[in-house]
Amino acid sequence: MTALRRWLRRAVPATPQELAAAWWSFGYFFALLAGYYVLRPLRDQMGIAGGTRALPWLFTATFVTLLAAQPVFGALVARLPRARFIPAVYHFFVLNLALFWVLLALGIAPVIVARVFFVWVSVFNLFAVAVFWSFMADLFTSEQGKRLFGFIGAGGTAGALLGPVITIALSVPLGPHNLLIAAIVFLEAAVFCAHRLERSAGANGAGPRRGIEGRVGGGAFSGLSGLLRSPYLLGVGAWVSLLSFGATMLYFMQANVVAASVQGAGAQTRIFASIDLAVGLLTLATQVFATGRLLQRFGTGMAAAALPAVYVVGFLCLAMAPTLAVVLVFQVVQRWMNFAIANPARQVFFTVVGREEKYKAKNLIDVVIYRGSDALYGWVYDMLHLIGLKIGAIALCALPVALAWVVLSSTLGRTQERRASLPVDRALGDPP
């Protein structure tokens with residue numbers, strides 16, 4: 001028991017007052033990502049089934065949907081307290097999943113439903129995860145985030161491990177559409193954890209931000225004005241756009257290589273689920289034992305720069321050897337580095353902005369800017385492909401962008417550290 005307690009203290013770098021909030025946050029993210037990763041392989045297979053040439057249109061449809069939903073989300077955040085709008089978002093997604101289950105089970109317009117489902121899962125992923133991390137940035141300080149976000153992220157990684165296992169084991173005997181029921185159960189579990197987290201933070205005090213769970217206020221479009229007024233948030237938005245650039249380029253490369261090299265929907269789905277499983281195992285070990293220490297030791301700038309550094313090396317390797325093995329290894333490594341190191345650093349960026357920016361401007365960045373960039377870069381890839389460039393040449397064109405991304409990461413890290421060192425009332429402004 002003594003050895004177990006020592007291990008838990010190492011894995012959970014929380015004070016006694018923070019411990020309950022940290023564990024409920026862990027459980028919340030676990031349930032949320034377990035549900036998503038049950039759905040993700042099915043989404044990817046449906047994307048290929050609809051034809052790789054249709055992917056740019058699906059990415060564009062995702063962006064248009066997010067653009068229409070953003071003012072609705074802003075109005076919801078402005079009018080409801082945190083304890084009400086967070087469950088409302090997830091219950092809405094549960095109702096959507098129930099409708100998809102009915103349509104898929106009855107075989108109604110399977111091609112159209114498959115394409116709509118691809119768009120829906122992309123929207124759900126960004127909105128659901130953005131709401132979670134807004135909650136975390138609202139609850140914890142910058143110093144707490146460096147210590148705890150790695151452990152909290154490990155909850156999501158553990159869920160991301162369970163999701164592919166469920167998909168691999170049950171997709172054939174039960175049929176893919178019945179996996180939606182498992183996703184519904186996980187989303188309802190996430191709502192329960194969010195409720196317990198609210199109570200735990202209020203009772204035990206997760207940190208200096210306890211007691212601010214009331215309405216955020218503002219208007220439906222105030223996230224945009226807050227973003228445009230802040231050079232710091234514009235920089236974070238540029239970082240997220242570059243994240244989309246790297247991920248979209250690699251996603252299209254993966255889709256084309258897998259479609260050409262691997263035959264059959266079952267085999268393709270298993271490859272995607274196996275990638276998710278490998279990423280989850282690597283990320284979980286890193287988050288539990290290393291992320292918090294790395295963020296405290298090297299700061300957010302170097303942690304955020306680790307991901308574009310991987311893209312620099314990966315694009316160089318693809319330029320020299322554009323094969324299935326290189327694409328798959330590159331995909332695993334960049335997602336591992338993103339989830340384990342760069343994403344916790346990016347979430348710490350938001351701990352030093354005002355409360356309205358945490359929910360509205362952050363959601364605008366993580367959802368609209370990210371998927372808008374997806375749509376843009378999807379068409380960029382398609383145009384490069386149409387003019388005759390192969391995967392190796394496209395990777396070479398992407399290399400300078402990844403290098404610029406490294407520089408931006410370092411600049412944002414220095415600004416975040418400076419803002420975190422200021423008194424709270426000044427830090428929540430926008431110092432130069």
Side-chain angles (χ1 to χ4, degrees), residues 31-70 72-73 76 87-129 162-191 251-252 254-255 258-259 262-273 276 367 371 374-375 378:
L32 183 61
L33 285 201
Y36 168 64
Y37 276 90
V38 166
L39 301 173
R40 180 185 168 96
L42 180 59
R43 180 207 70 168
D44 290 342
Q45 191 280 317
M46 286 185 176
I48 289 179
T52 58
R53 295 289 298 167
L55 284 174
W57 290 104
L58 295 179
F59 275 50
T60 301
T62 300
F63 171 64
V64 172
T65 303
L66 288 167
L67 203 60
Q70 186 63 33
V72 178
F73 177 79
L76 187 70
V89 169
Y90 294 126
H91 287 318
F92 173 74
F93 286 133
V94 165
L95 291 174
N96 292 172
L97 281 173
L99 177 59
F100 276 120
W101 179 81
V102 171
L103 293 174
L104 290 170
L106 297 178
I108 298 173
V111 175
I112 294 175
V113 171
R115 290 176 176 173
V116 173
F117 183 77
F118 182 96
V119 173
W120 182 91
V121 173
S122 301
V123 171
F124 158 74
N125 173 40
L126 283 185
F127 257 111
V129 174
L162 179 61
V165 170
I166 292 173
T167 300
I168 291 170
L170 300 180
S171 60
V172 174
L174 294 185
H177 68 278
N178 286 319
L179 295 173
L180 302 185
I181 298 174
I184 288 172
V185 172
F186 280 123
L187 277 184
E188 288 298 330
V191 172
Y251 183 86
F252 275 69
Q254 172 187 278
V258 169
V262 181
Q263 303 303 314
Q268 291 169 353
T269 302
R270 284 180 181 270
I271 281 182
F272 295 135
D276 291 341
V367 175
R371 279 304 180 218
D374 278 353

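If you're wondering where the values come from, they're calculated on a predicted model, not measured in any experiment. Every heavy atom of this structure was used, including side-chain atoms; hydrogens, water molecules and symmetry mates were not.
In this structure, the side-chain contact (heavy atoms from CB on, under 4.5 Å) partners of Leu99, at least two apart in sequence or on a different chain, are Leu103. By the side-chain contact (heavy atoms from CB on, under 4.5 Å) test, Leu104 is found to be paired with Met46, Val113, His177, Leu180, residues two or more places apart in sequence or in another chain being considered. Every side-chain contact (heavy atoms from CB on, under 4.5 Å) that Val116 has, sequence neighbours left out, goes to Phe100, Ile112. For Phe124, the ring pair (Phe, Tyr, Trp, His ring centres under 6.0 Å) partners are Phe93, Trp120, not counting sequence neighbours. When the side-chain contact (heavy atoms from CB on, under 4.5 Å) test is applied to Ile166, the partners found at least two apart in sequence or on another chain are Val38, Leu162, Leu170, Leu179, Phe186.
Nearest heavy-atom pair across Ala31 and Ala190 is CB-N, 3.6 Å. Nearest heavy-atom pair across Leu32 and Ala128 is CD2-O, 3.6 Å. Of all heavy-atom pairs between Tyr251 and Arg43, the closest is CE1-NH2, 3.9 Å.
Within the structure, the side chain to side chain donor-acceptor pair (under 3.5 Å) test picks out the following pairs touching residues 99-112 (sequence neighbours left out): Trp101-Asn178.
The OG1 atom of Thr167 sits 11.5 Å away from atom CZ of Arg40, with the distance rounded to the nearest 0.5 Å. To the nearest 0.5 Å, the span separating CG on Asn125 from CG on Leu33 amounts to 7.5 Å.
Side-chain contact between Leu97 and Leu39 is present, with heavy atoms from C-beta onward closer than 4.5 Å.
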